[in-house]
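Structure record follows, encoded as structure tokens.
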Amino acid sequence: MSNKVNGKKLAGGDGEKNDGGNGSGSGGGDEEDPEVAEARREADEKRNAKYAKMERQREEVRQNIREKYNIKKKEESIPLPCEGRLTADKKGPIPLPDDDDSFDPIKMATDALNTITEKLPFKLPWK
């Protein structure tokens, strides 16, 4: 790991910045030395060029393999912009009917109990 962070050296392992002994305590961390900024920009350009070159070489190898084995290149599909949720709608509980007359929990329970008692091989004492 590098001993530099944002162009300034760290003072030991405690994570405090070394402000160069000027005693200001709060040295404007937003402003960066122009030489450091230029060096960082050049390093970024070199790194990006290196990765672009590597990707070109990989693509050449892929193309050679495609030609050798008669494989067609997959077409890159552009994802269509979607509105709303990205995943499928979640399944919730079954919605109850809006009108109060059609839903009667007591009638529903009695009907279920009657259906069960009809299927029993014996008679219940209260029936």
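In what follows, residues are counted from 1 in the order of the sequence shown.
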Closest non-hydrogen atoms of D111 and T115, given as atom of the first, atom of the second and distance, are O-OG1, 2.8 Å

| said: Counting only heavy atoms from other residues, nucleotides and ligands, does the tally under 6.0 Å from CG of L120 exceed 12? | reply: yes

Once rounded to the nearest 0.5 Å, what's the spacing between atom [atom1] of [X] and atom [atom2] of [Y]?
{"X": "N114", "Y": "K119", "atom1": "CG", "atom2": "NZ", "value": "12.5 Å"}
{"X": "M54", "Y": "E59", "atom1": "CE", "atom2": "CD", "value": "14.0 Å"}
{"X": "E42", "Y": "K46", "atom1": "CD", "atom2": "NZ", "value": "6.5 Å"}

Besides Y69, the hydrophobic cluster formed by Ile, Leu, Val, Met, Phe, Trp and Tyr side chains linked at under 4.5 Å, directly or via other members, contains V61, I65, I71

message: My understanding is that only residues two or more places apart in sequence, or in another chain, count here; which of them pass salt bridge (charged side-chain N to carboxylate O under 4.0 Å, His left out) with R58?
response: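 Applying salt bridge (charged side-chain N to carboxylate O under 4.0 Å, His left out) to R58 gives E55.
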
Original post:
Less than 4.0 Å between a side-chain N and a carboxylate O, is that true for D44 and R40?
Top reply: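 Salt bridge between R40 and D44, a charged N being under 4.0 Å from a carboxylate O: no.
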
